[in-house]
Amino acid sequence: MRSRRSGVSDSMAEPDADADARGNSADASSEETHHAFWADAVADEILERDPAEPIVIKGGVSPSGVAHLGNFNEIMRGYFVAEVLRERGHEVRQVFTSDDRDPLRKVPRKLANADGEIVGLGEVDAGALGRNLGKPYTDIPDPFGEADSYAAHFASLLAADADRLGIPVEMVSNTELYADGTFDPVVRTVLENAGTAREVLAAYQDKVDEEYVPFNPICEECGKVTETVTAVDLEAETVEYVCTDMEAGDSTIEGCGHAGTATFREGKLPWRFEWPGQWDVLGVDFEPFGKDHAEGSWPSGVDIAETVLGIDPPVPMVYEWFTLNGKALSSSAGNIVTVPEILALLEPEVLRYFFALEPKKARDLDLERLDQLVDRFDRFERAYFGAVDDADLTAVAERAYPFLVEEVREERVRLPYTFAAVLGMVEDEAFREQLARDEGHFDDDTPEWAIEDALDRVERARRWAERMDNEYNYRLQTELPDVSVDEDTAAALDDLADFVAEGHDGEAIQERMYETARDHGLAVADFFEAGYRLFFDETQGPRLGEFLGELEREFVVNRLRREA
RNA sequence: GGGCCGGUAGCUCAGUUAGGGAGAGCGUCCGGCUUUUAACCGGACGGUCGGGGGUUCGAAUCCCUCCCGGCCCGCCA
């Protein structure tokens with residue numbers, strides 16, 4: 001993975017060295033420089049604060065049923081900033097917190113298994129979830145019975161996704177941070193200054209009253225996260241609590257009524273304090289977050305960080321949400337997609353490209369028109385190599401493209417996605433390669449690895465055609481389909497068979513099809529349809545004559561004669 | 001009701017941080033490959049830059065206002 005930049009590092013190194021020199025020497029008076037790539041602007045902002053090394057970039061989510069594409073913003077947006085900073089010579093640590101001491105508030109309707117496939121509750125031990133409402137995710141068994149806990153299962157999904165996309169990110173369990181005492185000083189500070197904490201938060205949340213204690217112990221009796229703290233002992237670092245009912249959305253999770261004592265490690269801070277607490281203990285310098293946090297958690301988090309914890313909040317970045325097929329991502333509505341599902345349809349670099357686009361714009365991932373996204377990536381790639389007459393695009397590509405691919409290689413070949421889908425109509429690899437060669441995508445100088453990589457897209461485009469069941473979802477029929485033709489058509493097909501048997505190339509066959517149809521008084525369209533029925537069991541298909549020209553001659557002849 | 005972020009061609013999006021030519025790809029249409037059959041090539045069509053007002057010699061870009069969409073302003077994360 002470290003080799004990603006090696007291909008062009010020589011040519012890219014000089015301007016970066018300049019940028020670095022500017023940044024280090026004349027920081028205070030640093031003028032606003034225009035950056036084509038948003039991550040550079042963010043990096044400037046981070047460096048203006050003269051952060052300690054390693055610079056820490058964080059993301060994080062609460063475990064839910066499915067690790068979907070939107071969750072991945074938390075990792076990918078930070079990744080580009082991390083890479084930019086690394087390229088400028090800084091040491092960067094990218095962490096991702098699984099906020100897994102949060103209690104399960106409601107049973108999710110969908111889950112993702114270890115392969116990222118979405119399954120319903122019927123396929124897992126759903127009772128294990130229902131019985132454990134109100135408990136921290138780390139204390140709930142994995143419904144698939146594989147990982148140590150529900151939280152571990154979810155975290156491993158994201159870790160696997162990060163791995164698939166080649167993102168080096170350090171997974172941090174929030175529960176661990178409490179359990180190993182990392183959070184102790186923050187909990188102590190918050191509870192020591194509970195009055196100030198209340199005051200600050202009350203400005204953002206109406207419900208905060210005199211009774212409010214910013215700590216939620218875990219009940220030693222029933223294991224649920226509780227909300228009613230009756231006393232705090234700062235000396236002993238413990239709190240007294242009563243396990244009362246908890247409101248979760250429109251339902252209530254019943255407490256067991258137990259009254260007990262919990263240490264600072266046996267509970268959690270409410271989210272509004274926990275988030276700034278993470279900034280504190282992890283030394284976070286930059287954190288991207290979704291627009292849902294922009295007006296709620298973020299302003300109160302800044303205030304809490306500065307007023308209660310006495311730290312500087314990280315550089316923020318709000319990202320817009322993705323939609324899928326024009327609608328909001330929603331696991332309950334079934335409108336959801338995971339990283340592995342997308343990677344079945346396109347290359348990792350294309351998905352990375354999607355995340356490299358301007359974060360402030362809402363983006364739709366339209367699976368029906370995935371070809372458009374891939375086309376745009378291909379163009380972006382060509383722009384990097386200077387082959388697109390578009391100065392703006394080229395400026396962004398020069399900067400961002402090297403972060404998208406494992407290695408910059410100019411000899412790389414990209415088959416247009418829809419063309420790849422056409423090639424997917426046949427199974428034979430050699431035939432696919434031949435077709436691509438005939439189209440001029442490969443020549444004698446094309447390296448073997450480039451051909452392999454290019455043909456890899458055919459597999460993905462094929463899956464796309466099948467899953468979308470679109471106009472590319474044709475498959476060459478290896479068995480003779482059940483087709484009946486009238487007398488004239490039969491005669492025409494036999495003529496064409498004779499012509500093919502003589503040995504002609506695809507172009508000649510294509511021409512001959514028109515002539516044959518005319519000779520037999522057939523409408524061209526009808527004759528083509530008969531051909532599509534014979535070879536694809538469909539009424540339409542790719543350019544037929546040239547397609548047949550590439551197939552094994554005997555097979556074509558026999559099929560045209562309706563013999564096999 | 002208040003706040004934040006968006007609104008540019010049929011679709012997907014650049015361009016707004018720094019005011020000066022309204023753009024790209026795809027789609028559509030037309031044409032080429034002697035003959036409509038989805039891969040290739042050329043061309044054309046296509047936009048009140050959400051509406052209105054203001055500043056300016058000049059506004060997609062800056063200011064004001066209104067409309068539309070998402071999110072937040074309860075709890076929770």
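We name chains A, B, ... by the order of the sequence lines, and we start the count at 1 in each one.
At the heavy-atom level, K361(A) lies under 4.0 Å from base atoms of the strands shown. In this structure, D371(A) reaches neither bases nor backbone, as no heavy-atom distance under 4.0 Å exists between it and the strands shown. As judged by a 4.0 angstrom heavy-atom cut-off over every strand, Q205(A) is placed among residues touching the sugar-phosphate backbone only. Residue contacts shown for Y474(A) include a base, since a base heavy atom lies under 4.0 Å away. Among the heavy atoms of the strands lying under 4.0 Å from K268(A) are primed sugar atoms or P, OP1, OP2 only; no base atom is included. As judged by a 4.0 angstrom heavy-atom cut-off over every strand, R518(A) is placed among the base-contacting residues. The residue V524(A) sits close to a base: some heavy atom pair falls under 4.0 Å. Within the nucleic acid shown, W321(A) comes within 4.0 Å of sugar-phosphate atoms alone, with no base atom in reach, counting heavy atoms only. Across all strands shown, K291(A) has heavy atoms under 4.0 Å from base atoms, whether or not it also approaches the sugar-phosphate. Using a 4.0 Å heavy-atom cutoff across all strands shown, S297(A) reaches at least one base atom of the nucleic acid.
Of the listed nucleotides (G74(B), C40(B), A14(B)), C40(B) has the atom at the smallest distance from the side chain of P416(A). Relative to the side chain of R379(A), the nucleotides A77(B), A39(B), G25(B) differ in distance, and G25(B) lies closest. Side-chain proximity of K360(A) to G6(B), A39(B), A14(B): nearest is G6(B). With distances taken from any side-chain atom of R363(A) to the nucleotides C40(B), A38(B), A14(B), the minimum falls on A14(B). Side-chain atoms of Q372(A) lie closest to C11(B) of the nucleotides C11(B), A77(B), A38(B). Nearest nucleotide to the side chain of E295(A), out of C76(B), C4(B), C11(B): C4(B). Taking every side-chain heavy atom of R272(A) into account, C73(B) is the closest of C73(B), A38(B), A39(B).
Checking A41(A) against P103(A), the closest nucleotide of RNA chain B that is more toward the 5' end is the one next to A41(A). Nearer the 5' end of RNA chain B, as judged by each residue's closest nucleotide, is the contact made by V388(A), out of V388(A) and Y212(A).
Between R414(A) and E381(A) there is a salt bridge, since a side-chain N of the basic residue sits under 4.0 Å from a carboxylate O of the acidic one. Using a 4.0 Å cut-off between a side-chain N of Lys or Arg and a carboxylate O of Asp or Glu, R460(A) and E347(A) do not qualify as a salt bridge. In summary, E320(A) and K291(A) engage in a salt bridge, as defined by a charged side-chain N under 4.0 Å from a carboxylate O.
Across all strands shown, C4(B) forms a Watson-Crick or G-U wobble pair with G70(B), both key distances being under 3.5 Å.
Put simply, CH2 on W271(A) is 18 Å from C1' on G74(B), counting in whole angstrom units. Look at CG on L373(A): it is 15 Å from C1' on A14(B), rounded to the nearest Å. Between the P atom of A39(B) and the CG atom of L435(A) lies a distance of 14 Å, rounded to the nearest Å. Straight-line distance from the CD atom of Q510(A) to the P atom of A39(B): 12 Å, rounded to whole Å.
Side-chain N/O atoms of Y532(A) include one lying less than 4.0 angstrom from OP1 or OP2 on A38(B).
One P atom belongs to A9(B), the other to U56(B), and the distance between them is 30 Å to the nearest Å. For G47(B) and A22(B), the P atoms lie 15 Å apart once the distance is rounded to whole Å. Nucleotides G21(B) and G15(B) have their C1' atoms positioned 12 Å apart, rounded to a whole Å. Separation of the C1' atoms belonging to G32(B) and G70(B) is 47 Å when rounded to the nearest angstrom. Separation of the C1' atoms belonging to G52(B) and C57(B) is 23 Å when rounded to the nearest angstrom. Look at the P atom in both U65(B) and C75(B): the space between them is 29 Å, to the nearest Å. The same atom, P, is picked in C29(B) and in A38(B); the two are 15 Å apart, to the nearest Å.
Not a single donor-acceptor pair, N or O on each side, falls under 3.5 Å between the base of A39(B) and the side chain of Y417(A).
The aromatic ring centroids of F322(A) and H68(A) lie 6.0 Å or more from each other.
Classification of the Y353(A)-F380(A) ring pair by plane angle, with boundaries at 30° and 60°, yields tilted. Using bins of under 30°, 30° to 60° and over 60° for the plane-to-plane angle, the ring pair F385(A)/Y401(A) lands in the perpendicular bin.
For E254(A), the CD atom sits in a loose shell: 12 or fewer heavy atoms of surrounding residues, nucleotides or ligands are nearer than 6.0 Å.
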